[in-house]
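Values below: every heavy atom of this structure, side chains too, minus hydrogens, waters and symmetry copies.
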Amino acid sequence: MNRRIRLWLVALAGTALAALLVAACLDLPDFGGDRHPYGDRAVDASLARHTANTVASVNFDQRAFDTLGELTILFAAVLGCVVLLRQTRDEHRARPEPEPVARPVRRYALAALPVALLTGLYVIAHGQLSPGGGFQGGVVAATALHLLYLGADYRALERVRPLGLYEAGDAVAVSAYLVTGLAGLIGATAFLANTILPYGTFNTLSSGGTVPLLNAAVGMEVACAVVVLLARFLDQAVEIEDPTGKGSGTP
């Protein structure tokens with residue numbers, strides 16, 4: 001296939017896609033309206049299953065299969081990063097030397113670390129009740145650990161970041177999401193159907209059926225994934241040296 005035919009195919013496909021987008025935009029509800037058919041149905045389904053946060057209900061109940069796709073993308077990204085950034089034969093590790101940290105930075109980072117970590121865990125635990133959830137809380141909890149890197153040094157971070165444990169946690173969290181979905185099939189309903197647990201009392205931590213379980217699995221997966229990703233990039237910048245012995249970075 002020559003270049004001219006490829007350009008014609010791209011032009012035709014782009015024109016068809018543009019026509020579909022224009023048709024979809026012309027059929028949208030009026031801008032600024034306070035009611036929307038999908039929104040009304042989503043809220044009704046959320047309330048029917050005792051989930052106070054409608055967004056969490058959409059993510060982990062009404063469209064839980066879509067969330068599985070997002071989870072899989074993140075897991076694949078972490079796996080690809082681990083493979084690509086692994087230590088090669090002609091590289092070696094240089095033990096990072098500690099760098100002095102300004103006293104105000106040290107105090108602030110070490111004081112903020114437990115607060116940020118608890119905030120991340122709180123956001124995960126209350127994902128079905130209030131704004132936030134596993135994705136947001138997982139990122140907050142994972143980055144909170146790295147305040148130790150800013151307030152102390154790289155070796156202090158390494159002591160609270162055993163990579164093998166976090167890599168296993170990443171895999172376990174994805175597996176837990178899948179197992180929860182399979183439990184619906186075993187219960188003769190559907191994959192990821194929110195029918196295997198009681199919905200509980202509205203606006204409590206145990207409400208929402210399987211929503212808290214899936215939300216917690218996502219929080220664990222995101223937290224572990226972010227820790228592993230940052231660890232691999234920090235290893236490249238701080239510890240791993242090239243064959244010429246130059247530039248392992250500073251902690």
Side-chain angles (χ1 to χ4, degrees), residues 20 24 27-29 33-80 120-142 166-229:
L20 289 174
D27 199 36
L28 287 173
D34 59 349
R35 294 293 177 185
H36 189 279
Y38 182 83
D40 294 339
R41 292 183 176 91
V43 172
D44 290 342
S46 176
L47 295 177
R49 293 167 182 170
H50 298 186
T51 307
N53 182 5
T54 302
V55 176
S57 177
V58 172
N59 288 338
F60 305 116
D61 184 359
Q62 302 169 44
R63 301 185 66 180
F65 193 77
D66 291 353
T67 302
L68 176 60
E70 298 171 9
L71 204 65
T72 304
I73 291 172
L74 179 58
F75 183 76
V78 173
L79 182 60
L121 297 177
Y122 179 91
V123 171
I124 295 173
H126 291 75
Q128 73 274 16
L129 305 180
S130 58
F135 285 103
Q136 298 86 345
V139 172
V140 173
Y166 284 95
E167 289 172 352
D170 192 3
V172 168
V174 174
S175 300
Y177 198 102
L178 288 171
V179 168
T180 305
L182 292 173
L185 288 177
I186 296 173
T189 53
F191 183 69
L192 288 172
N194 189 359
T195 57
I196 60 176
L197 292 177
Y199 296 141
T201 303
F202 183 77
N203 208 28
T204 62
L205 287 177
S206 59
S207 62
T210 57
V211 171
L213 298 181
L214 297 179
N215 176 65
V218 168
M220 180 178 176
E221 201 277 336
V222 170
C224 292
V226 172
V227 168
V228 173
L229 284 174

Which atom pairs, donor and acceptor, lie under 3.5 Å between side-chain atoms of residues 215-222 and protein residues at least two apart or in another chain?
from, atom 1, to, atom 2, distance (Å)
N215, OD1, G134, N, 2.7
N215, ND2, I124, O, 2.5

Enumerate, atom names and distances included, each donor-acceptor pair closer than 3.5 Å involving a side-chain atom of residues 193-201, sequence neighbours excluded.
from, atom 1, to, atom 2, distance (Å)
N194, OD1, T210, N, 3.0
N194, OD1, T210, OG1, 3.2
N194, ND2, D61, OD2, 3.1
N194, ND2, G208, O, 3.0
T195, OG1, T189, OG1, 3.2
Y199, OH, N194, O, 2.8

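Listed by chain and residue number, nothing satisfies the salt bridge (Lys or Arg N to Asp or Glu O under 4.0 Å) test with D44 (two or more places apart in sequence, or in another chain). Every residue meeting the side chain to side chain donor-acceptor pair (under 3.5 Å) condition with Q62, not counting sequence neighbours, appears here in chain and number order: S57. V43 meets the side-chain contact (heavy atoms from CB on, under 4.5 Å) test with L47, T54; sequence neighbours excluded. Not counting sequence neighbours, the partners of Y122 by the side-chain contact (heavy atoms from CB on, under 4.5 Å) test are H126. Shown here are the side-chain contact (heavy atoms from CB on, under 4.5 Å) partners of R41, two or more places apart in sequence or in another chain: P37. With sequence neighbours left out, the salt bridge (Lys or Arg N to Asp or Glu O under 4.0 Å) criterion links D40 to R35. For A52, the side-chain contact (heavy atoms from CB on, under 4.5 Å) partners are L129, F202, N203, not counting sequence neighbours.
Identified under the salt bridge (charged side-chain N to carboxylate O under 4.0 Å, His left out) test for residues 123-136, with sequence neighbours left out: none. Residues in residues 63-77 take part in these side-chain hydrogen bond (donor to acceptor under 3.5 Å, both in side chains) pairs, two or more places apart or across chains: R63-D66.
The shortest distance between side-chain heavy atoms of V228 and D170 does not fall below 4.5 Å. At a threshold of 4.5 Å between non-hydrogen side-chain atoms, the residues L214 and L68 do not count as touching. Side-chain contact between Y38 and V58 is present, with at least one heavy-atom pair separated by less than 4.5 Å.
Using cut-offs of 30° and 60° on the angle between ring planes, the pair F65 and F191 is perpendicular.
Heavy atoms only, all atoms of each residue included: Y166 and C224 are closest at O-CB, 3.3 Å. Considering all non-hydrogen atoms of both residues, A56 and G127 come closest at CB-O, 3.3 Å. Of all heavy-atom pairs spanning S207 and Q128, the tightest one is O-CG, 3.9 Å.
Atom OH in Y177 sits 15.0 Å away from atom CZ in F75 (nearest 0.5 Å).
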